[in-house]
Participant: 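I'd like to ask some things about the structure below.
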Number of protein chains: 2
Amino acid sequence: MSRRVTINDVARVAGVSRQTVSRALNDKGEIDAGTKQRVLDAARELGYRPSRFARGLVRQDSTTIGLVIPDLLNPFFTEVAAGALEAARARGWHVIVYDTADSITVERGTLEVVVAQVDAVVGYFSLDEAELDRHLGGMPAVLIGRDHRSPRFSSIRIDGEKGVHEAVDHLVAAGHRRIGMLDHAGRAEPSLRRDWFIDAMDEHGLHAPVVGNAVQSADGGAEALNELLDQHPDLTAVFTYNDIIAMGALKAARRLGKAVPGDLAVVGFDGLQLGTVVDPALTSVALDTRRIGALAIAQAGRLVAGEPSLPDEELLVSAVLLVRESA
Amino acid sequence: MSRRVTINDVARVAGVSRQTVSRALNDKGEIDAGTKQRVLDAARELGYRPSRFARGLVRQDSTTIGLVIPDLLNPFFTEVAAGALEAARARGWHVIVYDTADSITVERGTLEVVVAQVDAVVGYFSLDEAELDRHLGGMPAVLIGRDHRSPRFSSIRIDGEKGVHEAVDHLVAAGHRRIGMLDHAGRAEPSLRRDWFIDAMDEHGLHAPVVGNAVQSADGGAEALNELLDQHPDLTAVFTYNDIIAMGALKAARRLGKAVPGDLAVVGFDGLQLGTVVDPALTSVALDTRRIGALAIAQAGRLVAGEPSLPDEELLVSAVLLVRESA
DNA sequence: CGGCAATCCGTGAACGCTCACGGGAGCGTT
DNA sequence: AACGCTCCCGTGAGCGTTCACGGATTGCCG
């Protein structure tokens with residue numbers, strides 16, 4: 001096969017030295033307008049494109065960050081990713097996105113290749129810190145939505161406690177007493193969000209809130225709501241693990257002939273923009289997803305530059321209740 | 001500031017040559033287990049991480065592709081992006097994602113920097129081919145959803161004609177005669193989808209279909225439907241520019257007390273997965289978004305490898321009617 | 001006419017790594 | 001004892017670019 005066309009080829013054709021070609025291409029000064037044009041023509045003629053590796057090798061700028069997410073099609077991660085992209089663009093950084101397809105095997109594979117491609121890694125990981133460290137081998141990493149034990153990592157923490165309390169307060173103020181929750185069915189242990197919910201209920205002297213289990217999808221949410229209502233027909237409000245499940249619950253409620261929020265109030269979690277396309281618009285404990293992505297990028301940037309990490313309290317994003325129509 | 005730690009530093013500390021370090025790190029053979037461990041320890045000790053530029057410079061593998069999309073938060077583009085990511089991962093390629101924020105200025109800026117970072121570019125562009133070429137300077141590029149005039153580019157064409165005809169057939173078969181359309185309000189000229197729609201209506205001897213204008217959002221769709229129905233109260237079905245607008249229309253119809261599809265049938269375009277979370281689930285002229293992304297990646301790969309382009313008929317993805325509940 | 005800027009261009013070196021090759025040590029075989 | 005093989009390891013070269021120089025040419029002034 002034909003060799004790659006280098007700067008020297010261009011130089012030869014244009015009848016100048018490589019340095020002159022370099023000058024023409026990066027339009028620095030110290031070059032005659034005529035020769036510059038000649039070089040540019042020669043370059044175009046030969047189809048020359050500079051090697052990003054050679055260029056990157058000599059001038060040490062240009063940072064690129066790896067963003068690892070479990071599922072880009074999950075709207076929550078989409079929003080986080082969008083926030084990260086925006087923050088990166090503002091800084092002139094580049095983001096390589098890896099979708100691990102909710103698979104730990106794929107995550108391992110990703111970690112394996114990502115080291116050779118980026119300056120820092122950011123995202124949602126399910127592997128434990130030891131294995132992460134082993135794969136990453138010293139590369140800066142910031143974990144989102146997950147606390148780190150080793151100082152080798154850095155993380156963006158999210159706190160939904162206040163927001164969930166607000167949600168329960170809101171429901172109680174509206175007269176609700178029998179409030180259920182639809183937790184996720186994915187992982188083994190119950191979620192933090194469930195703990196927050198139970199706490200908040202306790203504060204109002206409301207106890208033993210029923211908790212269903214929904215798989216992570218709209219249909220899962222619908223199914224779970226049916227089950228929950230079957231066992232506890234007197235429920236007047238439901239809090240869900242996230243907005244997707246809440247949307248399924250909305251659908252199921254309608255099918256059951258229940259008006260929302262009249263007969264059944266629904267409060268989601270995440271505060272997705274998508275919550276506005278359903279009817280009624282979803283009331284939700286909202287996370288500032290854009291900020292999450294932006295913080296992750298900012299922190300990653302400091303790490304690669306060797307600057308001091310952001311202060312801990314800056315790396316926390318807390319949820320607030322976003323009242324729309326469903327509660 | 002402290003210099004970067006190189007392979008030579010590791011070699012010195014471990015008391016071996018750089019080649020041996022290289023062997024240890026890339027676990028090739030021809031190295032004693034003891035020395036290998038010693039090298040690995042030294043590397044970890046020094047916090048050594050190989051330079052991706054130096055490595056990339058010498059071995060010419062590792063392709064990375066730039067994916068340019070106008071708005072990652074638009075679910076359609078999200079799906080395309082996900083398809084692209086998946087296809088790239090299957091090949092071991094990397095994808096840098098650029099969100100141009102629906103801005104031509106940002107698109108220009110992106111084009112400017114993307115050249116130095118990737119081997120090929122893929123995505124949705126709004127600049128004309130001349131300017132694209134000027135910025136890209138010879139880099140392989142695949143335009144999605146847009147035909148190219150210059151052979152310098154390559155493109156993934158989408159054809160919705162058949163699907164739209166199917167949709168109209170479906171509506172007519174269900175007894176609908178007064179069918180309206182909600183076109184987008186974004187660009188100057190009316191859309192291809194509108195042409196297809198009018199064509200399909202013509203075939204059934206139905207003429208002068210009313211056409212509203214919706215801005216690209218759920219609220220825009222809702223507003224447009226209200227307007228349309230205001231002017232033409234006798235409409236029994238609506239076809240929309242895309243699913244987002246259709247979802248807004250769904251919401252507006254409910255507010256007007258119209259049952260869907262009983263009083264008003266709604267057919268969207270795109271076939272988003274999101275169409276299943278609304279109630280009723282959206283019937284839509286569906287595009288295989290995953291395939292769009294995958295094709296773009298595949299084609300880009302052939303271009304960078306200098307392989308022959310995919311045959312034209314392979315680069316076409318056609319829409320088909322996806323009947324769910326709203327029509 | 002000497003001198004001095006200004007303008008333009010070329011030459012070594014370096015960036016950090018891998019590839020191809022060669023060579024020494026140790027062991028067994030003839 | 002000479003040879004050959006295996007197992008390790010090191011040395012030169014090169015990947016394609018930019019940086020820091022230094023040199024050549026021209027124009028202008030005193």
Side-chain angles (χ1 to χ4, degrees), chain A residues 1-40 42-43 46-64 115-119 137-139, chain B residues 1-40 42-43 46-64 113 115-119 137-139 304:
Chain A
M1 270 312 285
S2 56
R3 219 181 77 275
R4 181 193 180 96
V5 28
T6 79
I7 200 175
N8 289 304
D9 301 323
V10 179
R12 188 160 15 83
V13 170
V16 294
S17 74
R18 33 186 174 95
Q19 177 59 12
T20 302
V21 176
S22 177
R23 276 193 269 256
L25 260 48
N26 308 333
D27 32 36
K28 310 220 166 165
E30 307 202 356
I31 185 174
D32 181 79
T35 34
K36 176 169 178 177
Q37 191 54 50
R38 194 151 37 90
V39 169
L40 257 34
L46 296 177
Y48 167 73
R49 283 186 303 125
S51 152
R52 67 167 182 280
F53 294 118
R55 177 172 289 175
L57 184 54
V58 49
R59 42 192 220 204
Q60 308 277 34
D61 48 2
S62 144
T63 53
T64 113
V115 246
Q117 295 290 333
V118 302
D119 301 307
M139 163 167 309
Chain B
M1 268 313 284
S2 58
R3 219 182 77 275
R4 182 192 178 98
V5 27
T6 79
I7 200 175
N8 290 303
D9 300 324
V10 179
R12 186 159 17 84
V13 170
V16 294
S17 73
R18 45 192 162 88
Q19 177 60 11
T20 303
V21 176
S22 176
R23 276 192 270 257
L25 261 47
N26 308 333
D27 32 34
K28 309 219 167 164
E30 309 203 356
I31 185 173
D32 181 77
T35 31
K36 175 169 178 175
Q37 191 54 51
R38 195 151 36 89
V39 170
L40 258 33
L46 295 177
Y48 168 72
R49 282 185 304 127
S51 152
R52 66 168 182 279
F53 294 118
R55 177 172 289 173
L57 185 54
V58 49
R59 44 190 220 206
Q60 308 278 32
D61 48 1
S62 145
T63 53
T64 113
V113 300
V115 233
Q117 295 290 334
V118 303
D119 301 307
M139 163 169 307
V304 305

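Keep in mind that the numbers below use all heavy atoms, side chains included, and drop hydrogens, waters and symmetry copies. Since the structure is predicted, the reported quantities are computational estimates derived from the model, not experimental observations. Note on naming: letters A, B, ... go to the chains in the order of the sequence lines (proteins, then strands), and numbering restarts at 1 for each one.
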Participant: Quick one: on DNA chain D, does A:Tyr48 or B:Val16 contact a more 5' nucleotide (nearest heavy atom)?
Facilitator: B:Val16
Participant: Whole angstroms only, please: what is the NZ-P distance between A:Lys28 and D:dT18?
Facilitator: 7 Å
Participant: From the set D:dC9, C:dC17, C:dC15, return the single nucleotide nearest to any side-chain atom of B:Ile31.
Facilitator: D:dC9
Participant: Take atom CZ of B:Arg49 and atom P of C:dC17, then tell me their distance rounded to the nearest Å.
Facilitator: 11 Å
Participant: Report the distance from atom CG of B:Asn8 to atom P of C:dA14, rounded to the nearest whole Å.
Facilitator: 13 Å
Participant: Is there a Watson-Crick or G-U wobble partner for C:dT30 with both distances under 3.5 Å, and which nucleotide is it?
Facilitator: D:dA1
Participant: Tell me whether the side-chain N/O atoms of B:Ser17 come closer than 4.0 Å to OP1 or OP2 in D:dC9.
Facilitator: no
Participant: If I take atom CD1 in residue B:Ile7 and atom P in nucleotide D:dG10, what distance separates them, rounded to the nearest angstrom?
Facilitator: 12 Å
Participant: For the residue pair A:Asp9 and A:Arg4, establish whether any side-chain heavy-atom pair is separated by less than 4.5 Å.
Facilitator: no
Participant: Using whole Å, report how far NZ of A:Lys36 lies from P of C:dC8.
Facilitator: 11 Å
Participant: Please check: side-chain N/O of B:Asn26 versus main-chain N/O of B:Lys28, any donor-acceptor pairing under 3.5 Å?
Facilitator: no
Participant: Let's see if you can work this out: which of D:dC19, D:dT17, C:dC17 has an atom nearest to the side-chain heavy atoms of A:Thr6?
Facilitator: D:dT17
Participant: Between D:dT17 atom C1' and A:Arg23 atom CZ, what is the distance in whole Å?
Facilitator: 14 Å
Participant: Rounded to the Å, how far apart are B:Arg52 CZ and C:dC17 P?
Facilitator: 13 Å
Participant: Counting only side-chain heavy atoms from C-beta out, which of D:dT18, C:dT18, C:dC9 sits nearest to A:Arg55?
Facilitator: D:dT18
Participant: What nucleotide among D:dT18, D:dG14, D:dG10 has an atom nearest to a side-chain atom of A:Arg18?
Facilitator: D:dT18
Participant: In sequence, state the C-alpha distance, the side-chain angles, and the governing distance for B:Thr35 and B:Arg23, and then conclude on side-chain contact (heavy atoms from CB on, under 4.5 Å).
Facilitator: CA-CA 10 Å; B:Thr35 31; B:Arg23 276 192 270 257; over 6 Å; no
Participant: Quick one: does A:Arg38's side chain have a donor or acceptor within less than 3.5 Å of a partner on A:Ala14's backbone?
Facilitator: yes
Participant: Which nucleotide wins on minimum distance to the side chain of B:Glu30, given the candidates C:dG16, D:dC9, D:dT17?
Facilitator: D:dC9
Participant: Applying the side chain to side chain contact (heavy atoms under 4.5 Å, CB included) criterion to B:Tyr48, which one of B:Val39, B:Ile7, B:Val13, B:Leu40 satisfies it?
Facilitator: B:Ile7
Participant: Go nucleotide by nucleotide along DNA chain D from the 5' end; which of A:Gln19 and B:Thr20 gets its closest nucleotide reached first?
Facilitator: B:Thr20
Participant: What is the separation between atom CZ on A:Phe53 and atom C1' on D:dC15, rounded to the nearest whole Å?
Facilitator: 11 Å
Participant: Does A:Ser22 make a side-chain N or O approach to OP1 or OP2 of D:dT18 shorter than 4.0 Å?
Facilitator: yes
